[in-house]
*Asks:* 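Questions regarding the structure given below will be posed in turn.
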Amino acid sequence: MVCGGFACSKNALCALNVVYMLVGLLLIGVAAWGKGLGLVSSIHIIGGVIAVGVFLLLIAVAGLVGAVNHHQVLLFFYMIILGLVFIFQFGISCSCLAINRSKQTDVINASWWVMSNSTRHELERSFDCCGLFNLTTQYQDDASCNALCKNRNYTCQMCGEKFLKHSDEALKILGGVGLFFSFTEILGVWLAMRFRNQKDPRANPSAFL
């Protein structure tokens with residue numbers, strides 16, 4: 001049978017959703033692993049990653065069941081949801097790639113002051129820095145900052161500068177990965193649309209094979 005046939009479309013759609021299921025399970029596992037090792041203590045970050053993993057897992061299960069059973073209703077909603085996810089993810093990915101350094105500074109500054117004190121202290125310990133973009137001398141005698149650099153002889157570096165070093169690279173990676181997965185999502189929409197309009201040769205023996 002040629003690749004454009006019923007079986008090929010079915011197998012391709014199933015394979016794509018299996019990949020989505022693995023990615024969803026990976027996100028959930030990484031979040032649980034990070035929480036277990038104490039790498040990330042913020043419940044909002046852990047909850048957000050787990051929520052994305054569960055959402056992707058549910059979409060993948062719906063697409064897989066719809067592909068296996070050639071279920072028209074499930075495939076229809078799968079197409080709609082995956083299409084909306086593509087639009088949202090494509091916009092976010094383009095924004096990550098287009099954001100400049102001044103915007104990154106504004107975002108970091110705004111995020112820093114809405115964080116809890118425990119999250120700030122955790123970041124200061126992880127990045128070995130004190131403060132954000134203020135003068136470092138204001139933080140040398142700050143008892144709330146427990147970074148290792150305070151116990152050394154040299155001045156602590158500002159956390160904002162370290163954040164900016166990593167944020168540009170991280171945004172490029174996130175934007176690139178997001179764009180890649182967004183195109184796999186539009187591929188899934190196209191496969192589901194095509195598969196819905198194909199006849200099952202087992203259900204219709206007179207169909208042309």
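Only heavy atoms go into these numbers, but all of them, side chains included; no hydrogens, no water, no symmetry mates.
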*Asks:* Answer with yes or no whether the hydrophobic clustering places Ile87 together with Phe90; edges join I, L, V, M, F, W, Y residues whose side-chain heavy atoms lie under 4.5 Å apart.
*Replies:*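 Yes.
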*Asks:* Once rounded to the nearest 0.5 Å, what's the spacing between atom CG of Leu179 and atom OG of Ser93?
*Replies:*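 It comes to 4.5 Å.
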*Asks:* Nearest 0.5 Å, please: how far is CD1 in Ile80 from CG in Leu84?
*Replies:*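 Those atoms lie 7.0 Å apart.
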*Asks:* Could you measure the distance from the CE atom of Met193 to the CZ atom of Phe76? Nearest 0.5 Å is fine.
*Replies:*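 Met193 atom CE to Phe76 atom CZ measures 9.5 Å (nearest 0.5 Å).
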*Asks:* For the atom pair CZ (Phe86) and CG (Leu82), what is the distance rounded to the nearest 0.5 Å?
*Replies:*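 Answer for the CZ-CG pair, Phe86 versus Leu82, is 10.0 Å.
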*Asks:* Quick one: does Val61's side chain get under 4.5 Å of Met21's, heavy atoms only?
*Replies:*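 When only atoms from C-beta onward are counted, Met21 and Val61 do touch, with a gap below 4.5 Å.
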*Asks:* Trp190 and Ile59: same hydrophobic cluster, using ILVMFWY side-chain contacts below 4.5 Å?
*Replies:*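 Same hydrophobic cluster.
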*Asks:* Let's go through Tyr20 and Thr184 carefully: what are the C-alpha distance in whole Å and the side-chain angles of both, what is the deciding distance for side chain to side chain contact (heavy atoms under 4.5 Å, CB included) to 0.1 Å, and is it a yes or a no?
*Replies:* CA-CA 10 Å; Tyr20 286 158; Thr184 65; 3.1 Å; yes
*Asks:* Locate the shortest heavy-atom distance separating Ser182 from Gln89; write the atom from each residue and the value.
*Replies:*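 Residues Ser182 and Gln89, closest heavy atoms: N-NE2, 3.5 Å.
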*Asks:* Enter the distance from Asn11:CG to Leu191:CG here, rounded to the nearest 0.5 Å.
*Replies:*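 Asn11 CG to Leu191 CG: 11.0 Å, rounded to 0.5 Å.
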*Asks:* Looking at every non-hydrogen atom in both residues, tell me the closest pair between Met79 and Ala192 and how far apart they are.
*Replies:*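 Taking Met79 first and Ala192 second, the nearest heavy atoms are CG-CB, 3.4 Å.
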*Asks:* With Phe181, which residues qualify under ring-ring contact (aromatic ring centres under 6.0 Å, His included), at least two apart?
*Replies:*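 In terms of ring-ring contact (aromatic ring centres under 6.0 Å, His included), with neighbours along the sequence ignored, Phe181 is linked to no residue.
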*Asks:* Which heavy atom in Gly188 sits nearest to a heavy atom in Tyr78, and how many Å separate them?
*Replies:*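 Heavy-atom minimum between the residues: O-CE2, 4.1 Å.
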*Asks:* Looking at Phe195, is its backbone amide N or carbonyl O close enough to the side chain of His70 to form a donor-acceptor pair, meaning the two atoms are under 3.5 Å apart?
*Replies:*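 Answer holds: yes.
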*Asks:* Kindly compute the distance separating OG (Ser9) from CG (Asn197), expressed to the nearest 0.5 Å.
*Replies:*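 Reported value, rounded in 0.5 Å steps: 10.5 Å.
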*Asks:* Mind checking what makes side chain to side chain donor-acceptor pair (under 3.5 Å) contact with Gln72, not counting sequence neighbours?
*Replies:*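 By the side chain to side chain donor-acceptor pair (under 3.5 Å) rule, Gln72 matches Arg196.
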*Asks:* For Phe77, run the side-chain contact (heavy atoms from CB on, under 4.5 Å) check against Leu74, Leu75, Val73 and tell me which one passes.
*Replies:*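 Of all the options given, the one that passes is Val73.
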*Asks:* Could you walk me through whether Phe55 and Ile81 pass the side chain to side chain contact (heavy atoms under 4.5 Å, CB included) check?
*Replies:* CA-CA 11 Å; Phe55 179 71; Ile81 295 174; 4.0 Å; yes
